[in-house]
Amino acid sequence: MSGLSALKLVTSKRQQGNSPQLARRQKLSNKLDEQIQLAKAQQSGTEFSPVKIRTVKDEATGESRKVEVPKKLKPWWWTGENGKLCITVRYGARTLEIVEGKNAIETDSIADVITSLQVIRTAVDSGELDKRIEAVSKKVNSDVATSIEARHEKRPILRLPTKAN
């Protein structure tokens, strides 16, 4: 029993999965990490191409295998009309407003882009943007539901006239 006395024993219950809010926060944080790495690569003049795992079926043998393929990654920043860099934060295909009515951040250099993205990631991780993320997520989900309803909309039933005797 002397070995167990060195351990700190507690009563704990395992959490069942992440909350949807935490999952959305983590998703955006991961995307911000990719953008930061992309900006650092651009700053140093190197190339950054993240990979994802895909399952591919071999046509000849019919065997499935996992293959690493490069991800398509577009930068969230561009050069604005005034020559400065503008950054938008994206959640899926939607632009996330950091502050009400403001959809972009203006910076002077790629180093400032990296700093801005790190500040945003810190804000996301601390939960400061949860309401904005949830609003965009609800908008995306309602758009998906609307398009599904439109596809499954019933066609009108064509009624043929009855024969008169």
Open item on the list: Do Q21 and D130 pair up side chain to side chain, a donor and an acceptor below 3.5 Å, judged on atom types alone?
Closed with: yes

Open item on the list: Just verifying a value: how many Å separate W76 CH2 and Q35 CD, rounded to the nearest 0.5 Å?
Closed with: 5.0 Å

TODO: Using salt bridge (charged side-chain N to carboxylate O under 4.0 Å, His left out) as the criterion, list what pairs up with R24, not counting sequence neighbours.
DONE: none

- [ ] Examine distances only and state if a side-chain atom of T46 and a backbone atom of Q42 form a donor-acceptor pair shorter than 3.5 Å.
- [x] no

Task: Which atom of G80 lies closest to which atom of C86, heavy atoms considered - done: CA-SG, 4.2 Å

- [ ] For the residue pair N103 and T95, confirm or rule out a side-chain donor-acceptor distance under 3.5 Å.
- [x] no

Task: Heavy-atom check, side chain of K102 versus side chain of E97, under 4.5 Å - done: no

Task: Distance-minimising heavy-atom pair for A111 and Q43 - done: CB-NE2, 3.5 Å

Task: Under-4.0 Å salt bridge between D33 and R121 - done: yes

Open item on the list: Do L85 and W78 make a side-chain contact, defined as non-hydrogen atoms from C-beta onward lying under 4.5 Å apart?
Closed with: no

Task: Pairwise distance CD(Q37) to CG(L117) - rounded to 0.5 angstrom - done: 11.5 Å

Open item on the list: Testing the basics here: between L38 and K74, what is the closest heavy-atom pair and its distance to 0.1 Å?
Closed with: CD2-C, 4.3 Å

Open item on the list: If I compare all heavy atoms of W77 with all of I87, which pair ends up nearest, and what's the gap?
Closed with: CB-CG1, 4.0 Å

Task: Contact check, side chains of I110 and V113, non-hydrogen atoms, under 4.5 Å - done: yes

Task: Presence of salt bridge, R54 and E68, under 4.0 angstrom - done: no

Task: Least distance between heavy atoms, S64 atom then T55 atom - done: CB-CG2, 4.0 Å

- [ ] Check the pair R94, K139 against side-chain contact (heavy atoms from CB on, under 4.5 Å), reporting the backbone distance first and the verdict last.
- [x] CA-CA 9 Å; R94 305 263 183 211; K139 174 79 172 133; 4.1 Å; yes

- [ ] State the CD-OG1 distance between E128 and T122, to the nearest 0.5 angstrom.
- [x] 9.0 Å

Open item on the list: Any donor-acceptor pair under 3.5 Å linking the side-chain atoms of D58 with those of T61?
Closed with: yes

Task: Linked, directly or transitively: I114 and L73 (ILVMFWY side chains, under 4.5 Å) - done: yes

Task: Gap separating the CG atom of L32 from the CD atom of Q118, nearest 0.5 angstrom - done: 10.5 Å

TODO: Compare all side-chain heavy atoms of E34 with those of K31 and state whether any distance is below 4.5 angstrom.
DONE: yes

Task: Beyond-backbone contact of T79 with K84, side-chain heavy atoms, under 4.5 angstrom - done: no

Open item on the list: Would you say that V69 contacts V51 through its side chain, given a criterion of any heavy-atom pair below 4.5 Å between the two side chains?
Closed with: no

- [ ] Verify, without hydrogens or angle tests, whether S137 (side chain) and I133 (backbone) share a donor-acceptor contact under 3.5 angstrom.
- [x] no

Task: Distance-only side-chain donor-acceptor flag, Q26 / N30, under 3.5 Å - done: yes

TODO: Ignoring hydrogens and angles, tell me if any N or O in the side chain of S29 forms a donor-acceptor pair with the backbone of R25 under 3.5 Å.
DONE: no

Task: Atom pair CD (E134) and OH (Y91), whose distance is rounded to the nearest 0.5 Å - done: 10.0 Å

TODO: Compare every heavy atom of V99 with every heavy atom of R132, then report the nearest pair and how far apart it is.
DONE: NH2-C, 3.8 Å

- [ ] Can you measure from CG (L28) to CG (L129) and round to the nearest 0.5 angstrom?
- [x] 7.5 Å

